[in-house]
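Take a look at the structure set out below.
When a ligand or atom number is given, it counts from 1 through the structure's own listing order.
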Amino acid sequence: MLITDLTTPALLVERDVLDANLATMSAALPGPRLRPHVKAHKTAALARRQAAHGHEGFTCATVRECEVMAAAGLGADLLLANEVLDTRRLGALVADGARVTVAVDSPETIAAAAAGGVREVLVDVNVGLPRCGCPPEKAGDLAAAARDAGLQVRGVMGYEGHLMLVPDPADRARMTGDAMAVLVRAAEEVGGEIISAGGTGTYLDNTWATEIQAGSYALMDTAYGRIGHPFGQALSVLGTVISVSPGHAVVDVGLKSLGMDHGLPTIEGAQVWFCSDEHTTFAPEEPVRVGDRLRVLPAHVDPTVALHERMHLVGGETVLETWAVDMRGW
Ligand code: PLP
Ligand code: MN
């Protein structure tokens, strides 16, 4: 099949760029130094490619992601880096032989883990992102409570997500060090082997974590493209030009096929004006014609992928493989 045969909008992944990104990352963070976050691509076939680069443990954001990973035979060491109250399906996964470690940051999440049949947890510590994570001074007490509840405490996690897109590398490194000092201190109180943190923005700066939870690096987006890391834009949304007017044109890739929370998408050789449900309006530098195909580059990978049922692995004009985005939904 050729790219021209695809119905648009269609999610494309440039194979050579993807493979280069995976190789670059696994050279920097080999084997267990990287625990790839699957939420960025939600695709078991892509996780399998990451496993082939030597990473056996994965990070998940949802119970559904854990289930699909386990069903794909990739459940040897899953970290659900998120708080979960409804642990019934996780207990079933553990009973079926998957290893699932769950983040906890409260007595309630500890009770839910223990009641649901989860055996292993990490204490999630707030390192400056106002999201999940306990106050650092509470981490030791929570670890004790988890052990009292019969849970194995493998260590801590603390996601410095507020620092990922800090543009100046020196600022980013310094702020990451400050955030990780908090996590390392909490780790001493908690015990265990694991300090899990980091992402694509801080994968080199964060030398304190025992494992880095990066996900976006595989496919990339234009927001991450701006910070100068050695990862290429593998992901795009293929569109068809459906209307041309003097001074602007319209492609059939809109809000419903693009994650927009990091801003407008990019079209090479064009100025993007705005997006609506099924349209992106842009001013091309060179004339375009109705029926032309072009690639729209999303500003944020994770919510873009989650809108699509499948992604097409492409090389040149050929569709090499089509993968189900099988970890979508909840
Ligand atoms: N860890 C957690 C808990 C996250 O929520 C995220 C992304 O938001 C990441 C790690 C890293 O992802 P990325 O590679 O996109 O920076
Ligand atoms: Mn993201």
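Each of Asn206, Leu183, Val190 was evaluated against Ile195; a single residue qualifies, Leu183, per the side chain to side chain contact (heavy atoms under 4.5 Å, CB included) test.
The set of protein atoms (N, O or S) found at less than 2.8 Å from the Mn ion (ligand 2) reads His300 NE2, Asp302 OD1, by chain and number.
Within a 6.0 Å sphere centred on CZ of Arg88, heavy atoms belonging to other residues, nucleotides or ligands number 12 at most. The neighbour count for Glu321 CD, taken as heavy atoms of other residues, nucleotides or ligands under 6.0 Å away, is above 12. Surrounding CD of Gln271 are at most 12 heavy atoms belonging to other residues, nucleotides or ligands under 6.0 Å away. Within 6.0 Å of CZ in Arg119 there are 12 or fewer heavy atoms belonging to other residues, nucleotides or ligands.
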Close N/O pairs between ligand 1 and protein, under 3.5 Å:
unit_1	atom_1	unit_2	atom_2	d
ligand 1	1 (N)	Gln213	OE1	2.6
ligand 1	5 (O)	Arg131	NH2	3.0
ligand 1	8 (O)	Lys39	NZ	2.7
ligand 1	8 (O)	Tyr159	OH	3.2
ligand 1	14 (O)	Thr200	N	3.1
ligand 1	14 (O)	Thr200	OG1	2.6
ligand 1	14 (O)	Gly215	N	2.7
ligand 1	14 (O)	Ser216	N	2.9
ligand 1	15 (O)	Ser216	OG	2.4
ligand 1	16 (O)	Thr200	N	3.0
ligand 1	16 (O)	Tyr224	OH	2.6

- Residues Glu83, Ser106; criterion side-chain hydrogen bond (donor to acceptor under 3.5 Å, both in side chains); working and verdict: CA-CA 9 Å; Glu83 279 58 22; Ser106 64; over 6 Å; no
- Item | Chi angles and distances behind the side-chain contact (heavy atoms from CB on, under 4.5 Å) call for Asp221, Leu235 | CA-CA 7 Å; Asp221 54 37; Leu235 187 78; over 6 Å; no
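Residue pairs meeting the ring-ring contact (aromatic ring centres under 6.0 Å, His included) criterion with at least one member in residues 212-233, sequence neighbours excluded: Tyr203-His229, Tyr203-Phe231, Tyr217-Phe231.
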Output side-chain donor-acceptor pairs under 3.5 Å for residues 305-315, partner residues at least two apart or in another chain, one line each.
unit_1	atom_1	unit_2	atom_2	d
His308	NE2	Ser257	O	2.9
His312	ND1	Thr322	OG1	2.9

